[in-house]
**Q** 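There's a structure below that I have some questions on.
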Amino acid sequence: MIDSQSSTSNAATSQADYAALLLRVSLGLLFLAHGGMKIFTFTIPGTVQYFESIGYPGSFAYLVILGEVGGGLALILGAWTRVIALALLPIMIGATLQHIGNGWMFAKTGGGWEFPAFWTVMLLVQALLGSGAYAVKVERLLGFGGARRTAQA
């Protein structure tokens with residue numbers, strides 16, 4: 001079920017709900033693009049080799065690809081948005097740490113830490129905002145959590 005209203009209000013969809021939607025879809029598309037780049041441009045074996053060359057275990061490459069593709073799709077759909085945004089934080093913190101030695105600006109050789117740090121903050125903002133408008137409510141699709149509880153007198 002797609003819910004066009006915020007999960008925190010019964011009121012009509014607000015500008016904040018649309019802002020959360022825009023941020024959610026933008027983040028999701030960026031994650032899909034980066035995951036796709038690791039699969040189709042660098043190839044999975046190439047990504048594994050790169051992770052090993054920078055001192056990370058090769059198995060992290062698989063986790064990052066899964067996180068970027070799966071997390072990107074979940075964000076676009078608005079499924080478990082707060083949880084997904086928080087779950088993607090370790091990927092972006094790792095990327096920020098990897099780029100920190102290259103300086104601030106991402107235009108520097110090897111890419112600076114400006115972009116991954118900003119992306120990390122945007123994930124935190126998304127986690128605070130929630131899904132916003134037009135989000136898939138997985139709980140309702142699975143048959144639980146759909147009815148709002150009312151206070152009993």
**Q** Under 3.5 Å, side chain of Thr13 to main-chain N/O of Ala133, donor-acceptor pair present?
**A**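 Not confirmed, Thr13 side chain does not pair with Ala133 backbone.
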
**Q** About how many Å separate CZ of Phe31 and CG of Leu75, when rounded to the nearest 0.5 Å?
**A**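 So the gap between those two atoms works out to 7.0 Å.
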
**Q** I need the minimum non-hydrogen distance between Ile91 and Glu68, along with the two atoms involved.
**A** CG2-OE2, 4.0 Å

**Q** Consider only side-chain heavy atoms of I, L, V, M, F, W and Y, link residues closer than 4.5 Å, and tell whether Leu29 and Leu22 are in one cluster.
**A** no

**Q** Please name all residues satisfying ring-ring contact (aromatic ring centres under 6.0 Å, His included) with Phe42, sequence neighbours left out, ordered by chain then number.
**A**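 Testing Phe42 for ring-ring contact (aromatic ring centres under 6.0 Å, His included), a comparison that skips the adjacent residues, returns none.
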
**Q** Nearest heavy-atom pair of Leu88 and Gly67: which atoms, and what distance?
**A** CD2-O, 3.3 Å

**Q** Closest approach of Ile84 and Ala74, non-hydrogen atoms and distance?
**A**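 In this case the closest contact between Ile84 and Ala74 is CG1-CB, 3.8 Å.
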
**Q** First locate atom CH2 of Trp119, then atom OG1 of Thr96, and finally report the distance between them rounded to the nearest 0.5 Å.
**A**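 The distance works out to 10.0 Å.
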
**Q** Establish whether Met105 and Phe115 are linked, either directly or via other cluster members, by ILVMFWY side-chain heavy-atom contacts under 4.5 Å.
**A** no

**Q** Shortest non-hydrogen contact from Ala135 to Gly78?
**A**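 That would be CB-O, 3.6 Å.
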
**Q** Would the number of heavy atoms belonging to other residues, nucleotides or ligands and lying under 6.0 Å from CD of Glu52 be above 12?
**A**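 Atom CD in Glu52 is crowded, with more than 12 foreign heavy atoms closer than 6.0 Å.
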
**Q** For the CE atom of Met92 and the NE2 atom of His34, what is their distance to the nearest 0.5 Å?
**A** 7.5 Å

**Q** Tell me, do Leu21 and Val25 make a side-chain contact under 4.5 Å, heavy atoms counted?
**A** yes

**Q** To the nearest 0.5 Å, tell me how far Leu63 CG sits from Tyr56 OH.
**A**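 Result: 13.0 Å between the selected atoms.
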
**Q** How close do Gly112 and Pro116 get, heavy atom to heavy atom, and via which atoms?
**A** O-CD, 3.8 Å

**Q** Do Phe106 and His99 have side chains that get closer than 4.5 Å, going by heavy atoms?
**A** yes

**Q** Measure across Gly132 and Ala20 and return the closest heavy-atom pair with its distance rounded to 0.1 Å.
**A**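 Looking at all heavy atoms of both residues, the closest pair is CA-CB, 3.7 Å.
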
**Q** Kindly compute the distance separating CG (Leu86) from OG1 (Thr81), expressed to the nearest 0.5 Å.
**A** 11.0 Å

**Q** Among residues at least two apart in sequence or on other chains, which ones pass side chain to side chain donor-acceptor pair (under 3.5 Å) with Gln126?
**A**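 Gln126 satisfies side chain to side chain donor-acceptor pair (under 3.5 Å) with no other residue.
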
**Q** What is the distance from atom CG of Leu89 to atom CG of Leu124, rounded to the nearest 0.5 Å?
**A**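 The distance works out to 5.0 Å.
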
**Q** Can you get from Trp104 to Ile100 by hopping between Ile, Leu, Val, Met, Phe, Trp and Tyr side chains that sit under 4.5 Å apart?
**A** yes

**Q** Could you check if a side-chain atom of Tyr134 sits within less than 4.5 angstrom of a side-chain atom of Tyr18, using non-hydrogen atoms only?
**A** yes

**Q** Under a single-linkage definition using a 4.5 Å side-chain heavy-atom cutoff for Ile, Leu, Val, Met, Phe, Trp and Tyr, are Ile65 and Phe40 assigned to the same hydrophobic cluster?
**A** yes

**Q** Would you find a donor on one side and an acceptor on the other, under 3.5 Å apart, between the side chain of Thr43 and the backbone of Ile39?
**A**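 No, the answer is negative, given that no donor and acceptor are paired below the 3.5 Å cut-off.
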
**Q** Side-chain heavy atoms nearer than 4.5 Å, only ILVMFWY residues, links allowed to pass through others: does that put Ile54 and Phe60 together?
**A** yes

